[in-house]
> 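I have a structure here, written as structure tokens, and I will follow up with some questions on it.
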Amino acid sequence: MCKRCSKSARQQCVPVSRHSAAPASDCWSCGSSFVFCVFICTRFGTMAKVITPRHVDYAQWYNDLVIHSGLADYSAVRGCMIIKPLGYALWENMRAVLDRMFKETGHVNAYFPLFIPKSFLSREAQHVEGFAKECAVVTHHRLKLAEDGSGVVVDPDAKLEEELIVRPTSETIIWHTYRDWIQSYRDLPLLINQWANVVRWEMRTRPFLRTAEFLWQEGHTAHATREEAIAEAERMLDIYARFAEEYMAMPVVRGIKTPSERFAGAEETYCIEALMQDGKALQAGTSHFLGQNFAKAFDVTFLDRNNQRQYVWATSWGVSTRLIGALVMTHSDDDGLVLPPRLAPIQVVFVTIPTVEEPQMSVAREIAEKLQTAGVRVHVDTDDTKRAGFKFAEYELRGIPIRIAIGRRDVEQGTVEVARRDTKEKVTIRRETIVEHVQALLEEIQHNLLQRARRFVRENTHVVDSFDDFQRIIEERGGFILAHWDGTAETEARIKELTKATIRCIPLDSPAEAGRCVLTGKPSHRRVLFACAY
RNA sequence: CGGGGUGUAGCGCAGCCUGGUAGCGCACCUGCUUUGGGAGCAGGGGGUCGUGUGUUCGAAUCACACCACCCCGACCA
């Protein structure tokens with residue numbers, strides 16, 4: 001694709017080599033040098049999947065990877081994606097871990113309607129303002145056959161009395177319901193979570209990162225005191241951060257949002273921010289202290305121990321399938337996905353060489369069974385229509401942490417070849433030691449991914465004191481910038497205008513430090529985290 | 001919502017300028033030979049050329065309109 005004239009790059013003939021970058025060249029149409037993706041010709045052999053290398057075009061790499069790895073597919077509906085079995089299995093694993101963490105902290109699951117009466121969205125002014133522009137609206141409830149036989153049309157007689165909004169989030173309908181559920185301090189706290197889909201009619205979409213419909217969980221809690229609600233919001237943020245680091249191997253910065261980045265209707269928005277490989281930040285989860293805003297809008301009160309009527313205090317918190325995008329952009333490389341073992345749907349895959357020959361298959365099955373008994377998620381490839389080399393590339397593309405290859409020589413010598421996805425290293429080991437070796441290696445890969453990602457964040461976090469440096473770093477390298485800010489929305493907006501960087505958060509662990517605003521020079525008492533964001 | 005671009009086989013593209021009834025690579029199917037990093041050879045199947053109207057003896061090709069999608073901005077978990 002040419003950035004200037006938008007023509008596709010002309011196909012070029014390049015011998016098959018997954019490991020050499022696709023060459024860039026001048027645009028064949030307009031002659032500019034903005035071409036950033038040249039297709040690799042397949043004439044020289046099977047070149048099933050082509051992924052644009054990251055250094056050529058990071059956004060294209062991401063799109064190629066999501067499609068070719070089998071995470072997701074484009075759909076017939078604009079802005080909506082199909083989550084394929086691999087992507088969905090990842091989501092199921094994330095959901096299982098988070099669900100357990102929620103339940104361990106006393107939360108229970110429930111399900112509220114997809115449709116929300118329009119009038120509900122008129123209740124909390126700020127909240128409405130935040131979502132009104134991107135809502136899908138249901139106006140009719142019936143179709144009929146067109147009179148000219150051309151298909152079906154909306155039946156004008158089936159107009160809804162009150163239009164329904166497809167939920168962009170469920171605060172309104174949930175708080176409408178909580179009004180009936182909460183009478184007394186004995187009904188509190190109310191700790192409910194729901195796993196659901198939501199719709200936000202976005203202008204521009206990207207697989208997993210921003211789609212019109214997405215899957216998420218939304219927790220909605222009610223509390224008797226302000227302090228308890230704040231503690232809840234912080235506790236859930238902590239769970240998100242722990243999940244990101246311990247399971248996704250993705251380091252995050254915990255912080256609070258500035259007023260301009262705050263959730264519509266919240267008094268305080270907490271967030272975890274992650275840094276992607278291209279130096280852009282990604283909000284990976286949010287937790288909100290909603291104060292009494294929704295309690296007041298929906299008149300949710302309780303009688304306390306002193307028989308005093310009070311409004312309840314609220315929180316809401318969520319993570320979405322966006323986490324899959326975050327996972328991809330944290331660990332994956334030019335050869336495909338790299339999945340952390342704790343979330344990988346398949347942790348170890350067995351490939352026999354040649355294809356499916358005995359006794360290699362029997363050996364593979366035997367070892368696989370031992371691993372499975374030891375709690376490892378394994379897969380034995382029994383497909384006899386593809387060759388070993390093809391399978392190697394395919395499983396690397398799909399991010400499986402460990403591949404075990406068994407050939408004739410291995411059978412003779414009582415060995416197997418173990419290859420790890422994160423470093424691409426291969427070792428030949430004795431068959432008897434396989435279970436211990438694999439278990440240790442899975443742990444090491446998990447650990448290595450986190451360490452590698454932490455190093456990346458460390459090397460791309462810059463403490464900056466002059467606006468010149470600020471601009472230069474944002475332009476040349478990206479990454480996180482820790483700088484002083486005078487605390488005003490005007491300065492925040494001005495910096496965004498000049499650099500496209502926004503305040504991602506005010507880090508919770510940032511120490512008090514006297515300084516001067518990087519733009520205005522006005523006094524500041526702590527550094528905030530800036531970055532260009534997704 | 002502004003600016004640009006593209007619609008031809010499942011995917012990626014050529015053909016269009018200069019109208020004559022559609023082609024290439026991959027994928028797919030069959031057979032043989034291969035098999036320690038995306039196999040080779042031979043044969044084969046598949047397309048109302050985005051939609052509509054017009055010009056013409058004749059339209060993938062020219063004109064107009066419409067639709068869809070993509071990219072770049074503004075907006076956003």
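Just so we're on the same page: letters track the sequence lines, and every chain starts at 1.
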> Atom CH2 of W91(A) and atom P of A77(B): how far apart are they, to the nearest Å?
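About 17 Å, once rounded to whole Å.
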> Considering only side-chain heavy atoms of R403(A), which listed nucleotide, G37(B), A77(B), G36(B), is closest?
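Minimum distance to the R403(A) side chain belongs to G37(B).
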> With RNA chain B as reference, determine whether I406(A) or N63(A) sits nearer its 5' end, using the nearest nucleotide of each.
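It is I406(A) whose nearest nucleotide is closer to the 5' end.
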> If pairing requires Watson-Crick or G-U wobble contacts with both distances under 3.5 Å, which nucleotide is the partner of G45(B)?
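G45(B) is unpaired by these criteria.
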> Please classify the nucleic acid contact of L209(A) as base, sugar-phosphate, or nothing, using heavy-atom distances under 4.0 Å.
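Contact class for L209(A): base.
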> Atom CE of M276(A) and atom C1' of A77(B): how far apart are they, to the nearest Å?
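To the nearest whole Å, that distance equals 13 Å.
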> Do you see a donor-acceptor pair shorter than 3.5 Å between the side chains of T169(A) and R167(A)?
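Absent: no donor and acceptor within the cut-off.
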> Pick the C1' atom in C16(B) and in U33(B), then give their distance to the nearest Å.
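Taking atom C1' in both C16(B) and U33(B), they lie 43 Å apart.
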> Rounded to whole angstroms, how far apart are CD on E412(A) and P on G36(B)?
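Those two atoms, CD and P, are 16 Å apart.
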> Looking at residues 317-328 of chain A, who's got a heavy atom less than 4.0 Å off RNA chain B?
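The stretch gives S320(A), R322(A) as the residues lying under 4.0 Å from the strand, ordered by number.
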> To the nearest Å, how far apart are I353(A) CD1 and G38(B) P?
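Answer to the nearest Å: 11 Å.
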> Using ring-ring contact (aromatic ring centres under 6.0 Å, His included), reason through W175(A) and H127(A) one step at a time and then give a plain yes or no.
CA-CA 13 Å; W175(A) 282 90; H127(A) 186 63; over 10 Å; no
> May I ask you to check whether over 12 heavy atoms, not counting those of E246(A), lie within 6.0 Å of atom CD?
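Atom CD in E246(A) is crowded, with more than 12 foreign heavy atoms closer than 6.0 Å.
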> For G37(B), does the base pair up with any side-chain atom of E396(A) as donor and acceptor (N or O, under 3.5 Å, distance only)?
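Flag set: donor-acceptor pair detected.
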> Write down the distance between CD (Q360(A)) and P (U35(B)), rounded to a whole number of angstrom.
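Atom CD in Q360(A) sits about 13 Å away from atom P in U35(B).
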> Go ahead and name the base partner of A22(B); Watson-Crick or wobble counts if both distances stay under 3.5 Å, otherwise write none.
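Base partner found: none.
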> Using a heavy-atom cut-off of 4.0 Å across all strands, would you classify K426(A) as base, sugar-phosphate, or nothing?
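Here K426(A) touches the bases of the nucleic acid.
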> Which value, in whole Å, describes the distance between the C1' atoms of nucleotides G4(B) and U8(B)?
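Rounded to whole Å, the distance is 22 Å.
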> Could you check whether E357(A) gets within reach of a base, just the sugar-phosphate, or nothing at all, counting any heavy atom under 4.0 Å?
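No contact at all - E357(A) keeps every heavy atom at 4.0 Å or more from the nucleic acid.
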> Would you classify F263(A) as touching base, sugar-phosphate or nothing, given that sugar-phosphate means primed atoms plus P, OP1 and OP2, and contacts are heavy atoms under 4.0 Å?
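Result for F263(A) = nothing.
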> State whether K280(A) and D278(A) are salt-bridged, where the test is any N-O pair (Lys NZ or Arg NE/NH1/NH2 against Asp/Glu carboxylate O) under 4.0 Å.
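Salt bridge flag = no for D278(A) with K280(A).
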> Checking side-chain polar atoms at under 3.5 Å, does R420(A) have a donor or acceptor matched by the opposite partner on T423(A)?
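The answer is yes; a qualifying pair exists.
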> Which whole number of Å gives the distance between the P atom of G25(B) and that of C41(B)?
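My reading of the P atoms in G25(B) and C41(B) gives 12 Å.
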> For the base of G37(B), is there a side-chain donor-acceptor partner from K424(A) under 3.5 Å away?
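Donor-acceptor pair under 3.5 Å: no.
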> Could you list all the ring pair (Phe, Tyr, Trp, His ring centres under 6.0 Å) pairs where at least one residue sits in residues 191-210 of chain A, not counting sequence neighbours?
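As it turns out, the ring pair (Phe, Tyr, Trp, His ring centres under 6.0 Å) pairs with a partner in residues 191-210 of chain A, which skip direct neighbours, are W91(A)-W195(A).
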> Distance check, C1' atoms only: C71(B) and U56(B), in whole angstrom units.
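Going atom to atom, C1' in each nucleotide, I get 37 Å.
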> Rounding to an integer number of angstrom, what distance separates A59(B) and U51(B) when you compare their P atoms?
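15 Å, rounded to whole Å.
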> Using a 4.0 Å heavy-atom cut-off, does T352(A) contact any base of the nucleic acid, only the sugar-phosphate backbone, or nothing at all?
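Nothing, no heavy atom under 4.0 Å.
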> Going by atom types alone, do H288(A) and T269(A) pair a side-chain donor with an acceptor below 3.5 Å?
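Short answer, yes.
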> Which residues satisfy the side-chain contact (heavy atoms from CB on, under 4.5 Å) test with T382(A), sequence neighbours excluded?
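side-chain contact (heavy atoms from CB on, under 4.5 Å) list for T382(A), sorted by chain: M361(A), R365(A), V380(A).
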> Reckon T286(A) touches a base, only the sugar-phosphate, or nothing at all at heavy-atom distances under 4.0 Å?
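Answer is nothing: T286(A) stays at 4.0 Å or more from every strand.
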> Please enumerate all residues that pass side-chain contact (heavy atoms from CB on, under 4.5 Å) together with A212(A), with sequence neighbours excluded.
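For A212(A), the residues satisfying side-chain contact (heavy atoms from CB on, under 4.5 Å) (neighbours in sequence not counted) are C80(A).
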> Report the nucleotide, chosen from G36(B), G37(B), A77(B), that has the shortest atom-to-atom distance to any side-chain atom of R409(A).
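Comparing G36(B), G37(B), A77(B) against the side chain of R409(A), the answer is G36(B).
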> For Q277(A), check side-chain hydrogen bond (donor to acceptor under 3.5 Å, both in side chains) against everything at least two apart and list the hits.
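So Q277(A) forms a side-chain hydrogen bond (donor to acceptor under 3.5 Å, both in side chains) with R54(A), Y58(A).
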> Tell which nucleotide pairs with C64(B), taking only Watson-Crick or G-U wobble pairs whose two distances are both under 3.5 angstrom.
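Partner of C64(B): G52(B).
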> Work out how far the P atom of C62(B) is from that of A39(B), and round it to whole angstrom.
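Taking atom P in both C62(B) and A39(B), they lie 41 Å apart.
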> Below the 4.0 Å mark, does A77(B) have OP1 or OP2 next to a side-chain nitrogen or oxygen of R206(A)?
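For A77(B), OP1/OP2 do not have a side-chain N/O of R206(A) under 4.0 Å.
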> Without decimals, in angstroms, what is the distance between E134(A) CD and C1(B) P?
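Rounding to the nearest Å, CD of E134(A) and P of C1(B) are 16 Å apart.
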> In whole Å, measure the gap between the P atoms of U35(B) and C70(B) for me.
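It works out to 45 Å between them.
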> Starting from the 5' end of RNA chain B, give me the residue, K496(A) or V411(A), whose nearest nucleotide shows up first.
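First, find each residue's nearest nucleotide; the 5'-ward one identifies V411(A).
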> Can you tell me the pairing partner of A39(B) across any strand shown, Watson-Crick or G-U wobble, with both distances under 3.5 angstrom?
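Paired with A39(B), as far as the under-3.5 Å criterion goes, is U33(B).
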> Tabulate protein N/O versus nucleotide N/O from nucleotides 29-31 of chain B, keeping only pairs under 3.5 Å, one per line.
none

> If I take atom CD1 in residue I272(A) and atom C1' in nucleotide A77(B), what distance separates them, rounded to the nearest angstrom?
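So the CD1-C1' distance, I272(A) to A77(B), works out to 12 Å.
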> Partner lookup for C75(B), please. Criteria are Watson-Crick or G-U wobble with both distances under 3.5 angstrom; report none if nothing qualifies.
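Its partner: none found.
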> What is the distance, rounded to the nearest whole Å, between atom CE of M94(A) and atom P of A77(B)?
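Going from M94(A) (CE) to A77(B) (P), I get 20 Å.
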> Return the set of residues passing side-chain hydrogen bond (donor to acceptor under 3.5 Å, both in side chains) with T352(A) (not counting sequence neighbours), or none when no residue passes.
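Result, side-chain hydrogen bond (donor to acceptor under 3.5 Å, both in side chains) vs T352(A): none returned.
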> Please list all pairs passing the ring pair (Phe, Tyr, Trp, His ring centres under 6.0 Å) test where one or both residues lie in residues 398-418 of chain A, with sequence neighbours left out.
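For residues 398-418 of chain A: none.
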> Got a sec, which pairs hit ring pair (Phe, Tyr, Trp, His ring centres under 6.0 Å) with one end in residues 393-432 of chain A, sequence neighbours left out?
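Listed by first then second residue: nothing to list.
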> Taking the C1' atom of each, how far is C1(B) from A74(B), in whole Å?
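After rounding to an integer number of Å, I get 8 Å for this pair.
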> In terms of side-chain heavy atoms of Q283(A), which of U35(B), G37(B), A77(B) is nearest?
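Out of U35(B), G37(B), A77(B), the nucleotide with an atom closest to Q283(A)'s side chain is A77(B).
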> Quick one: is R387(A) getting a side-chain N or O under 4.0 Å of the A39(B) phosphate, OP1 or OP2?
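Result: yes.
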> Looking only at side-chain atoms of E394(A), point me to the closest of G36(B), G38(B), A77(B).
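Ranking G36(B), G38(B), A77(B) by closest atom to the E394(A) side chain puts G38(B) first.
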